[in-house]
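For reference, the structure is listed below as structure tokens.
The figures that follow rest on heavy atoms only: side chains count, while hydrogens, waters and symmetry mates do not.
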Amino acid sequence: MSDELDLLRAADPVRADAGPWRDRPLDARAEHALTRLLHSRRTQRARRRLVVRAEAAVLALVAVLAFALSGAATGPAAAAPAPLAPRGDAPAVSLDTLARRAEARARTAGPQAGPRRGSHLQTWYLTMATGPDAAPPVTVPEERLTRWNPDGSGSELVVATDPRHPGRPVIHDSGGRWSTVNDGKILHRKTYPAGSDSRHGGLPSRTKPPTDPAALRAHLATLYGGADRQTPQLLLALSSLLQEWTPGPRETAAIVRMLADADGLRPVGTVTDRLGRPGQAYVYDAPDGPMDATRQMVILDAATGRLLGSEVTFTKDLPEFRITSGEVLSYEAWMP
């Protein structure tokens, strides 16, 4: 139960100072926590309630797939991203082959080429609502940068931006009220003095990921639950870990070998990710739980095995949530 309680606390949409009946949208981290909850067998009875957020207090939310939002900037806001389309015009690279490439690179890495605490990623998360007054889903793009230094000092930065459409207004959630902001607007910035690292983040951020594939999977299962049993949970746990750590060559080799040993991931060809980088795409589209409504894709650098991105898309219509098959639930693009 402790895993689910931790996830529920992370996904709690109600502030401590809010009224007892007030609902508000989740931020990106809470959206991700809810996604993880979707794939937990021990929360099947609560799953339908946790798929979406009650957003009765959201006002003046406009569909962005067809209309512009009014806000601080002029011009239409960027629409939700379409699913990436892998190309089959070149031979697919198996995960086993890519794991061997990553392992060869890891053997030549120096002692300082270890993992770095912190992460740099661009995210697109779809928010959903249900109920008679629910508005259509909206995709929120953000760039997130977290850094920790050897002396325990660190910094966090969150910026509203969509690199697919430079300079265009960006959709932003401001406490449950949706608007647009200028591209590049700083949403959150914080610095921490030396010695702060031990007081921020939980066990995942303070524990270096193992460099042995089996130990890494067990590590993910201990931290996030379910990663040792099924591939969907493994991929979601890996995403959570990469929000805490940037892998070095040895950790990357362990990740790729772990994915090669996982069930159900198959190569589907080459793809260009949302940051314009070429990569190899691998898809898990087997049953993913009672709803069986999503497909998960990971994109790896063909030369190094480094994880470039991950995408979750819907594979069926969910009319009660105004979701149609093919819509992107989330996309994460990882950067150095």
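- Between Val170 and His165 there is no side-chain heavy-atom pair separated by less than 4.5 Å.
- Residues Ala262 and Leu234 share a closest heavy-atom pair of CB-CD2, 3.8 Å.
- With Trp148 as the fixed residue, the side chain to side chain contact (heavy atoms under 4.5 Å, CB included) test singles out one of Ser155, Ser153, Ser196: Ser196.
- Cluster annotation: Tyr331 is connected to Met297 through the hydrophobic network of ILVMFWY side chains, with a link wherever side-chain heavy atoms come within less than 4.5 Å.
- You'll find the side chain of Leu241 reaches within 4.5 Å of the side chain of Tyr224, heavy atoms only.
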Set out, in order, the CA-CA distance, both residues' side-chain angles and the distance that settles side-chain contact (heavy atoms from CB on, under 4.5 Å) for Ile323 and Leu126, then state yes or no. CA-CA 10 Å; Ile323 293 294; Leu126 185 71; 3.6 Å; yes
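- Side-chain atoms of Ser325 come within 3.5 Å of backbone atoms of Thr315 as a donor-acceptor pair (strictly under, hydrogens ignored).
- Looking only at distances, a side-chain donor or acceptor of Thr207 sits under 3.5 Å from a matching main-chain atom of Leu203.
- Here the side chain of Arg274 pairs no donor or acceptor atom with the backbone of Ala333 at under 3.5 angstrom.
- Closest of all the heavy-atom pairs between Tyr125 and Thr123 is CE1-CB, 3.5 Å.
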Asp285 vs Arg266, test: salt bridge (Lys or Arg N to Asp or Glu O under 4.0 Å). Steps then yes/no. CA-CA 9 Å; Asp285 51 12; Arg266 59 183 180 86; 2.6 Å; yes
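- With contacts defined as side-chain heavy-atom distances shorter than 4.5 Å, the pair Arg107/Arg250 does not qualify.
- Within the 3.5 Å criterion, the main-chain N or O of Leu235 finds no donor-acceptor partner in the side chain of Ser239.
- Considering CD of Glu332 and CD1 of Ile299, their distance stands at 11.5 Å, rounded to 0.5 Å.
- Within the structure, the side-chain hydrogen bond (donor to acceptor under 3.5 Å, both in side chains) test picks out the following pairs touching residues 184-194 (sequence neighbours left out): Glu156-His188, Glu156-Tyr192.
- With rounding to the nearest 0.5 Å, the separation of CG in Asp261 from CZ in Arg217 is 8.5 Å.
- Defined by atom type and a distance below 3.5 Å, a donor-acceptor pair is present between the side-chain atoms of Asp183 and Thr161.
- Follow the hydrophobic side-chain contacts under 4.5 Å out from Val181 and you never reach Val159; the two are in separate clusters.
- Asp162 contributes a side-chain N or O that, together with a main-chain N or O of Arg164, makes up a donor-acceptor pair within less than 3.5 Å.
- Residues Arg117 and Ser205 bring a donor and an acceptor atom of their side chains to less than 3.5 Å of each other.
- Taking both residues in full, the closest heavy atoms of Trp245 and Pro204 are given as NE1-O, 2.8 Å, listed atom of the first, atom of the second, then distance.
- Remark: side-chain polar atoms of Asp273 are paired, donor with acceptor, to backbone N or O of Leu275 under 3.5 angstrom.
- In terms of modelled atom types and a separation under 3.5 Å, the side chain of Thr246 and the main chain of Gly118 share a donor-acceptor contact.
- The cluster map of Ile, Leu, Val, Met, Phe, Trp and Tyr, joined by side-chain heavy atoms under 4.5 Å apart, puts Val158 and Trp124 in different clusters.
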- Message: Test side-chain contact (heavy atoms from CB on, under 4.5 Å) on Leu98 and Leu300; report intermediate values, then the result.
- Response: CA-CA 9 Å; Leu98 194 50; Leu300 305 179; 3.6 Å; yes
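- Here the closest non-hydrogen pair linking Gln280 and Thr270 is NE2-CG2, 3.2 Å.
- Here the straight-line distance linking atom CD1 of Ile186 with atom CD of Glu143 works out to 11.0 Å at 0.5 Å rounding.
- Side-chain contact between Val328 and Thr139 is absent, with no heavy-atom pair separated by less than 4.5 Å.
- The hydrophobic clustering, which links ILVMFWY residues whose side-chain heavy atoms are closer than 4.5 Å, places Leu121 and Leu157 apart.
- For Arg199 (side chain) and Gly195 (main-chain N/O), a donor-acceptor pair under 3.5 Å exists by modelled atom type.
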Kindly determine whether Tyr282 and Leu95 satisfy side-chain contact (heavy atoms from CB on, under 4.5 Å), including the steps that lead there. CA-CA 8 Å; Tyr282 304 87; Leu95 276 168; 3.5 Å; yes
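- Atoms CZ and CG, from Arg144 and Leu187 in turn, are 8.5 Å apart once rounded to the nearest 0.5 Å.
- When all heavy atoms are compared, the tightest approach of Arg277 to Arg306 is NH1-NH2, 3.9 Å.
- We find the OG1-CD distance between Thr231 and Gln296 to be 9.0 Å, quoted to the nearest 0.5 Å.
- Salt bridge status for Lys208 with Glu251: absent, with no side-chain N to carboxylate O gap under 4.0 Å.
- Gln122 contributes a side-chain N or O that, together with a main-chain N or O of Glu142, makes up a donor-acceptor pair within less than 3.5 Å.
- Side-chain atoms of Arg116 never come within 3.5 Å of backbone atoms of Gly248 as a donor-acceptor pair (strictly under, hydrogens ignored).
- Hydrophobic clustering places Leu265 together with Val93 (ILVMFWY residues linked when any side-chain heavy atoms are closer than 4.5 Å, directly or through intermediates).
- Asp96 and Ser94 share no side-chain donor-acceptor pair at under 3.5 Å.
- Interatomic distance, Leu145 CG to Met335 CE, rounded to the nearest 0.5 Å: 8.0 Å.
- In terms of heavy-atom proximity, Pro169 sits nearest to Thr180 at CB-CB, 3.9 Å.
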